[in-house]
Amino acid sequence: MKQTHKVKIVDNVEISPGIYKIDLLFKEIVESAKAGQFVNMYTNSSGSLLPRPISISQINKEKNVLTIVYAVVGKGTKALSEMKIGDEVKVLGPLGNGFNIPKEAENHIVIGGGIGAPPLVELVKQLKGNIEVYLGFRSNPILIEEFKEYGAKVYVATEDGSVGIKGNVRDILKEKNLKADMIYSCGPKPMLKAIAKYATENGIKAQVSMEERMACGIGACVGCTCKTKKKEEVQNKKVCKDGPVFYSEEVVWND
Amino acid sequence: MKQTHKVKIVDNVEISPGIYKIDLLFKEIVESAKAGQFVNMYTNSSGSLLPRPISISQINKEKNVLTIVYAVVGKGTKALSEMKIGDEVKVLGPLGNGFNIPKEAENHIVIGGGIGAPPLVELVKQLKGNIEVYLGFRSNPILIEEFKEYGAKVYVATEDGSVGIKGNVRDILKEKNLKADMIYSCGPKPMLKAIAKYATENGIKAQVSMEERMACGIGACVGCTCKTKKKEEVQNKKVCKDGPVFYSEEVVWND
Amino acid sequence: MTNPNIKVNIAEVELKNPVMTASGTFGSGREYGEYVDLNKLGAVVVKGVAKEPWDGNPTPRIAETYGGMLNSVGLQNPGVDEFIEKDIPFLRQFDTKIIVNIAGKSIEDYCEVAKKLIKADIDLIELNISCPNVKAGGVNFGTDPAMVEEVTKAVKKVAKQPLIVKLTPNVTDIVAIAKAAVRGGADALSLINTLLGMAIDIHKRKPILANTVGGLSGPAIKPVALRMVYQVANAVDVPIIGMGGIANGEDAVEFILAGASAVAVGTANFNNPTATIDVIDEVKEYMDKYNVENLDDIRGKLL
Amino acid sequence: MTNPNIKVNIAEVELKNPVMTASGTFGSGREYGEYVDLNKLGAVVVKGVAKEPWDGNPTPRIAETYGGMLNSVGLQNPGVDEFIEKDIPFLRQFDTKIIVNIAGKSIEDYCEVAKKLIKADIDLIELNISCPNVKAGGVNFGTDPAMVEEVTKAVKKVAKQPLIVKLTPNVTDIVAIAKAAVRGGADALSLINTLLGMAIDIHKRKPILANTVGGLSGPAIKPVALRMVYQVANAVDVPIIGMGGIANGEDAVEFILAGASAVAVGTANFNNPTATIDVIDEVKEYMDKYNVENLDDIRGKLL
Ligand SMILES: Cc1cc2nc3c(=O)[nH]c(=O)nc-3n(C[C@H](O)[C@H](O)[C@H](O)COP(=O)(O)OP(=O)(O)OC[C@H]3O[C@@H](n4cnc5c(N)ncnc54)[C@H](O)[C@@H]3O)c2cc1C
Ligand SMILES: Cc1cc2nc3c(=O)[nH]c(=O)nc-3n(C[C@H](O)[C@H](O)[C@H](O)COP(=O)(O)OP(=O)(O)OC[C@H]3O[C@@H](n4cnc5c(N)ncnc54)[C@H](O)[C@@H]3O)c2cc1C
Ligand SMILES: Cc1cc2nc3c(=O)[nH]c(=O)nc-3n(C[C@H](O)[C@H](O)[C@H](O)COP(=O)(O)O)c2cc1C
Ligand SMILES: Cc1cc2nc3c(=O)[nH]c(=O)nc-3n(C[C@H](O)[C@H](O)[C@H](O)COP(=O)(O)O)c2cc1C
Ligand code: FES
Ligand code: FES
C-alpha cells in the first residue's frame with residue numbers, strides 16, 4: 001500500500017525573496033520519482049487541511065534527497081517556510097505523470113515562467129542532447145546556475161529588465177526561431193497557451209505542466225479538471241492524475 | 001491598555017505522569033499577580049481558538065518567572081506539553097480574583113484535590129501563621145515538597161492508597177476535627193461542595209476556587225457563570241471575572 | 001500610510017469605520033475596554049437585552065469545536081432598565097456609536113424594549129430574531145418570512161432609532177427572510193447569527209453543553225456567512241452588517257467585497273482581545289496596498 | 001485488544017463495520033484503493049452518477065477555508081452506463097458493500113438511474129437530493145418536504161436495492177425533511193451533505209470558485225452535522241448514516257452516540273488518505289477502553 005510519509009527536512013533556505021528551496025530526506029521515493037511529478041505537502045497550519053501540491057525540483061538518489069522549490073504565497077507555504085532543519089513534514093508522492101522524454105528526441109527546448117522553473121531542473125538533468133532553457137521572471141531569476149550545471153544553454157528574461165532580456169518568455173518566442181524536437185514547459189497559463197500556439201504553428205510537439213486547485217491530489221475528488229480534447233471529443237481530465245503534464249495539443253485553451 | 005503577551009518558556013517538565021510544570025518568563029505580571037488568579041493560555045493548536053484558563057501556581061518576582069502546573073487532558077494542554085524551552089506562548093493575565101487572605105487570620109486550612117493543588121502553592125507561600133494543607137489525589141501526589149518548603153503541615157490522601165491515607169479529602173474532613181479561621185480550597189466540584197457543607201456546619205469561613213468552561217476569560221461573554229446567592233437573591237456571577245475564588249456560602253451548590 | 005476613507009453610513013448614522021463588535025461577545029464594552037480603545041471602534045453592539053432580566057441557560061455554556069465554538073448562553077442579561085442605567089452612560093464616554101441588540105420572547109416583548117429605549121441615548125437598535133438558544137420564541141420569528149415581517153413592522157413602529165434586523169442562518173432561503181425584514185421596515189440587516197450545532201463529550205457520553213445544542217460561531221462558519229451576505233446584498237437595498245468568523249482584515253475585506261457595508265467581530269475577540277482594532281488597521285492596509293481611497297469603491301464590487 | 005462487535009445493519013444489508021466513504025470524496029475506490037485495503041471498509045459509497053455523463057462546473061472547483069473546504073465539482077460523472085461497466089466489476093473484487101450515490105435533475109432522471117441499476121450488482125442506493133452545485137433541480141428537491149417525499153416515493157418504486165436518501169443541511173427544519181423522506185419510503189437516511197458557502201480572493205477580487213458558491217465540508221461543519229443527526233435520530237425510525245467533518249474515531253463515536261448507525265468519511269481523506277481505516281481502528285479502541293462490546297450498546301445512548 002502507498003502511504004504518506006513523515007520526512008525530515010535537511011535544508012530549507014530562502015534562495016530569492018519569498019522563494020524557498022527545501023531538501024527532504026525521502027528515500028522511499030527517490031528511486032521512482034520522475035521529473036514533472038509533484039508531491040502533496042501537508043503542513044496542517046492553523047485551520048488548514050488540504051495538501052499543497054508542489055513539483056519535484058530535483059532528485060538526488062545518492063543522498064536520498066528530494067528537493068522542492070516553492071514561493072510563499074499563502075498560509076501553507078508560509079508555514080513550510082517557517083519549518084526548521086530537523087523538523088518533519090508529512091508528504092505524499094510522487095504524484096501525477098511527469099514529463100515524457102522521447103528516446104529519439106535530440107533538440108530540447110525547455111521553457112519556464114517564474115515558479116514554473118523548478119520542476120524543469122530535474123528534467124534538464126535527465127535530458128540528453130542539445131538543451132536550450134528559456135526562463136522568464138518578474139524580477140529575480142532563480143535556479144539559473146542549476147540549469148547551466150546540467151549542460152543547458154540558458155536564456156533569461158525579466159519583466160523589469162534587471163537580468164537578461166527585458167520582457168517575458170513570449171517575447172523571446174516571438175524573436176527567436178526555435179527549432180526543436182520537443183518543448184517542455186511550466187509556468188503561468190497565458191504563457192503555456194502562447195507556447196501551445198507557437199508549437200502548433202511551428203509543428204513542434206510541446207508538453208505543458210498545468211496547475212489547478214486540488215483537494216485529494218490522487219484523482220479521486222474530480223476537483224482539478226482540465227478540459228482536453230481527443231479528436232473532436234472534449235473531456236475533463238484530472239490535472240493531478242492524468243497530468244500535471246499534458247501535450248499542448250490535447251488541452252482546450254479557450255478560457 | 002492591557003494586552004496579551006508572548007512570553008518565553010524557560011522550563012516545561014513532566015512532574016508526574018501527564019502533569020506538567022511550565023515556567024514562563026513573564027515580568028509584566030509577576031508584580032501584580034495574586035495567588036488564586038489564573039492566566040489564559042492561547043495554544044492555537046490545530047483548529048483551536050479558545051484560550052485555556054490555567055491557575056497561577058507560583059510567582060517568582062526575583063526571577064520574573066510565573067509557574068503554572070497543568071494536566072494534559074485535551075488538545076490544548078497536549079500542545080502546551082509539546083512546547084520546548086525557548087518557545088514563546090501567548091498569555092493573557094493575571095485574570096480573575098485570587099484568594100482573599102484576611103490579615104487577622106492565623107490558622108489556615110488549605111485543601112486541594114488533584115489538579116486543584118497547584119494554585120494553593122503560591123497561596124501557602126503567602127500565608128502567615130499555622131498552615132495545614134490537605135491534599136487528595138487519585139494516585140501520584142504532586143507538589144508535596146513545595147507545600148512543605150513553605151512551612152505547611154501536609155496531609156495526603158490517595159484513592160489507591162499508594163501515598164498517605166487511602167481515600168479522599170472528604171474522608172480526612174470526616175475524621176479530623178479541623179479548627180481554623182479560614183479554609184482555602186481548589187479541586188473537583190463535589191469536593192468543594194463537601195467543604196462548603198463542612199465549613200457551614202463548623203462555622204468556619206471557606207473560599208472555593210471554581211472551574212467552568214470559558215470563552216473570553218475576562219467577563220464579556222457570560223459563558224462561565226456560577227449561581228450565587230446574596231441573602232435570598234440568586235444571581236449568576238462570572239467565574240472568570242467575579243471568581244474563580246468565591247466564598248463557599250455565596251455559591252448555590254444544588255446541581 | 002495614506003488615510004483612506006473608511007467612514008460608513010448605516011441608516012443615516014455615520015460610523016467612523018466599518019468595524020463593530022458582534023453582540024454578545026463584547027458585553028457592553030466595559031471588559032474589552034481595558035484592552036482596546038473604544039474610541040477607535042465604528043460601533044459597540046451590546047449583548048442582547050430583554051424587557052426584564054434573563055437568567056440564561058445552565059452551564060456548561062461553552063464548547064470548543066474545530067475552528068469555532070458553540071455557546072448556549074441563552075441571552076442571559078440584566079434587563080433593559082439596568083442596561084439603560086448603567087451601560088449607556090459608560091459607553092457614552094467614548095466617541096463611538098452605540099447599537100443595542102434587543103431580545104424577546106414575543107412581539108410585545110420586543111416592542112416593550114424598543115419603547116424603553118425611546119428616550120435612551122443610543123444610535124441604533126439591532127433586533128435579534130435569531131438566537132437559537134431561546135426556545136420560547138426567537139427561533140420561530142427568525143425562520144418564517146411572515147413572522148419576520150410582522151415583528152419588524154411592530155418594532156419599527158415603536159422604535160425611535162433606526163432598526164437593524166439580525167437574521168439567523170438556520171433557514172432554507174435567507175433571501176426570502178431578508179426581503180421580509182426589509183418589507184417590515186428594516187433600515188439595515190445584520191447577518192449572520194450562529195448556526196445551530198452540537199458537540200458531545202464521548203468520555204462522559206453527554207452533550208458538552210448543558211443545553212444540548214448551541215450556536216456555532218467563529219472562522220468555521222465564515223463561508224456560510226459570506227455566501228449569505230453575498231446573496232442578500234444582491235437582493236435587497238438596505239445596508240448589510242456582515243459577520244461570522246471575521247478575525248482579521250482580509251476576512252473583513254471579503255465581506256465588504258461580497259456587499260457588506262460594515263462588519264462585526266465576535267468570536268475572534270476571545271482568541272485575540274484586540275481583534276477589532278487589528279481588523280480596522282488591516283482593512284486600511286489592504287486599501288493602501290491596492291490604492292483604494294474609499295470603501296465604496298470596493299463594496300460589493302466583485303470583478 | 002478484544003474484538004468488539006462493530007457490524008451494522010442498514011436496511012437488511014450487513015456491513016462489517018460502520019465506516020463508509022462519503023460520496024464524491026473517494027471516486028469509485030480505485031484511487032484510494034492504492035492507500036487503503038478496500039476489504040476493510042464497511043462500504044464504499046461512490047461518486048454521484050447520473051443517467052448520462054455530466055461535465056460538472058468550470059475550475060477552480062476547490063477552495064480551502066478554515067477547518068474545511070468548498071467544492072463546486074457540480075457532480076461531474078461519466079454516467080451510469082460507464083459506471084456499471086467499469087466501476088462495479090472493479091469494486092466487486094473486494095469484500096465490501098457497494099452503495100451507489102445517484103444524481104439527477106428531475107424525478108425522471110433519478111428513476112432512470114435507479115432502473116438502470118436494477119440489474120447491477122450493488123448493495124444500496126443513496127439518493128442525492130441535496131447537492132447544492134446543481135442549479136437545475138437538486139437543491140429544490142432537498143429543501144421542500146413535499147418534493148422530498150415525491151422523489152423518494154418515485155425512486156423507491158422503481159429501485160430494486162434498498163434506498164438511502166441523503167439530505168441537505170441547507171434547510172430550516174431538517175426533521176421535517178427527514179420525516180418526508182421516510183414517508184416516501186426511505187430505508188435509511190444519510191446526513192449531512194455540504195453547507196452552501198463561498199470564499200473570495202481579495203487580491204483578485206473574485207470568488208475563488210468559478211461557480212461563485214460551493215459546498216462546505218470538513219471539521220468546520222461537524223457541529224451542525226452532529227446536531228442534525230441527533231435531531232433526526234430522535235424523530236425517525238430508520239437507520240442514519242452520519243457524516244460531516246469526521247476525521248477520527250472520536251468524531252465517529254460522537255455521531256454514533258448522537259444516534260447514527262453508520263458514518264461516512266469524506267473530506268478527511270484528502271488530509272489523510274488512510275482516514276477511513278484510522279476511524280475504524282479508533283472506534284474499536286474507544287469500545288475497548290470503555291468495555292463496549294457491541295456498537296448497539298452506545299448507539300444513540302447519551303447519558
Ligand atoms: C501540480 C502543481 C505543482 C506545483 N508546483 C509548485 C512548485 O513547484 N512551487 C511552487 O511554489 N508552487 C507550486 N504549485 C503551486 C502551489 O501548489 C501553491 O502555490 C500552494 O498550494 C499555495 O499554498 P498556500 O497555502 O501558500 O496558499 P493559499 O492561498 O493559502 O492556499 C489556499 C488553497 O489554495 C490552493 N492554491 C493556492 N494557490 C494555488 C496554485 N497556484 N495552484 C494550486 N493550488 C493553489 C492551495 O493548495 C490551498 O488549497 C504547484 C501547483 C500544482 C497544482
Ligand atoms: C479558572 C480555572 C483555572 C484552572 N486551572 C488549572 C490548572 O492550574 N491546571 C490545570 O491542569 N487545569 C486547570 N484548569 C482546567 C483547564 O482549563 C482545562 O484542563 C483545559 O482548558 C483543558 O484544555 P484542553 O485543550 O487540554 O482540553 P479540551 O478538552 O480539548 O478543551 C476543549 C475546551 O474545553 C475547555 N475545557 C476542558 N476542560 C475544562 C475544564 N476542566 N475547565 C475549564 N475548561 C475546560 C477548554 O478550555 C477548551 O475550551 C483551570 C480551569 C479554570 C476555569
Ligand atoms: C458567546 C456569544 C454570545 C452571543 N450573544 C448574542 C446576542 O446576545 N445577540 C445576538 O444577536 N447575537 C449573539 N451572538 C452572535 C454573534 O453576535 C455573531 O452573530 C456570531 O457569533 C457570528 O459572528 P462571529 O463568528 O464573529 O462570532 C453571540 C455569539 C457568541 C459567541
Ligand atoms: C469534493 C466533494 C465531492 C462531493 N460529491 C458528492 C456527490 O457526488 N454526492 C453526494 O451525495 N455528496 C457529495 N459530497 C458530499 C459528501 O459526500 C459529504 O456529504 C460531505 O462532504 C460532508 O462530509 P465530510 O465533511 O466528511 O466531507 C461531496 C463532497 C466533496 C468534498
Ligand atoms: S485533486 Fe482530486 S482529482 Fe485531482
Ligand atoms: S469566560 Fe467570558 S464571561 Fe467568563
Side-chain angles (χ1 to χ4, degrees), chain C residues 63 65-70 139 142-144 168-174 177 195-207 212-216 218-231 245 247 249-258 286 289-290 298 301-303, chain D residues 63 65-70 139 142-144 168-174 177 195-207 212-216 218-231 245 247 249-258 286 289-290 298 301-303:
Chain C
T65 66
Y66 199 106
M69 61 174 278
L70 294 166
V139 74
T143 57
D144 176 62
T168 171
N170 300 300
V171 297
T172 306
D173 184 355
I174 192 72
I177 304 286
L195 285 164
L196 195 60
M198 179 174 177
I200 291 174
D201 183 327
I202 61 168
H203 306 292
K204 298 190 181 145
R205 288 199 206 163
K206 289 207 298 197
T212 306
V213 296
L216 180 65
I221 70 169
K222 199 185 75 173
V224 174
L226 199 63
R227 182 262 296 183
M228 290 189 166
V229 166
Y230 173 81
Q231 288 178 322
E250 304 204 346
D251 295 333
V253 171
E254 279 192 75
F255 277 86
I256 292 164
L257 286 167
Y286 173 85
K289 179 169 168 193
Y290 289 103
I298 58 168
K301 300 256 165 67
L302 284 173
L303 302 178
Chain D
T65 66
Y66 199 106
M69 62 172 280
L70 294 166
V139 73
T143 57
D144 177 61
T168 170
N170 300 298
V171 297
T172 306
D173 185 355
I174 193 71
I177 303 287
L195 284 165
L196 194 60
M198 179 175 178
I200 290 174
D201 183 327
I202 63 168
H203 306 292
K204 297 191 181 144
R205 286 198 206 162
K206 288 207 298 199
T212 307
V213 296
L216 181 65
I221 69 168
K222 198 185 78 174
V224 175
L226 199 63
R227 181 261 297 179
M228 291 187 165
V229 166
Y230 174 80
Q231 289 178 321
E250 304 205 345
D251 296 333
V253 171
E254 279 192 76
F255 278 86
I256 292 165
L257 285 167
Y286 173 88
K289 181 170 166 190
Y290 290 101
I298 58 168
K301 302 253 165 69
L302 284 173
L303 303 178

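Keep in mind that the numbers below use all heavy atoms, side chains included, and drop hydrogens, waters and symmetry copies. These numbers were taken from a predicted model, which means no experiment stands behind them. All chains are named by letter (A, B, ...) in the order of the sequence lines, taking the proteins before the strands, and each is independently numbered beginning at 1.
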Using side-chain contact (heavy atoms from CB on, under 4.5 Å) as the criterion, point out the one residue from D:V224, D:L196, D:T65, D:L195 that pairs with C:V224.
D:L195
D:A63 portion near chain C, given a 4.5 angstrom heavy-atom threshold
neither
When heavy-atom pairs shorter than 4.5 Å are enumerated against chain C, which of D:V253, D:L226, D:V229, D:I221 gives the highest number?
D:L226
Which of C:I256, C:V171, C:I202 touches chain D most, by non-hydrogen pairs under 4.5 Å
C:I202
Between chain D and each of C:P219, C:A247, C:G67, C:P207, count heavy-atom pairs under 4.5 Å; write down the option with the most.
C:P219
Tell me, do D:R227 and C:L70 make a side-chain contact under 4.5 Å, heavy atoms counted?
no
Pick one of side chain, backbone, both or neither for C:K301, based on which atoms fall under 4.5 Å of a heavy atom in chain D.
backbone
Could I get the full list of side-chain contact (heavy atoms from CB on, under 4.5 Å) partners for D:A225, not counting sequence neighbours?
D:I192, D:F255
Side chain to side chain donor-acceptor pair (under 3.5 Å): pairs with one or both residues in residues 195-207 of chain C, sequence neighbours excluded:
C:H203-D:Y290
Counting heavy-atom pairs under 4.5 Å to chain D, which of C:G68, C:A220, C:G218 comes out on top?
C:A220
C:L216, part contacting chain D, at a heavy-atom distance under 4.5 Å:
side chain
Consider side chain to side chain donor-acceptor pair (under 3.5 Å). Of D:D173, D:T172, D:N170, which one does C:T172 pass it with?
D:T172
Residue among D:P223, D:G245, D:G197 with most heavy-atom pairs under 4.5 Å to chain C:
D:P223
Taking C-beta and beyond as the side chain, do C:V213 and D:Q231 meet within less than 4.5 Å on heavy atoms?
no
Just do the side chain to side chain contact (heavy atoms under 4.5 Å, CB included) check on C:T212 and D:Y230 with the steps written out, would you?
CA-CA 10 Å; C:T212 306; D:Y230 174 80; 3.8 Å; yes
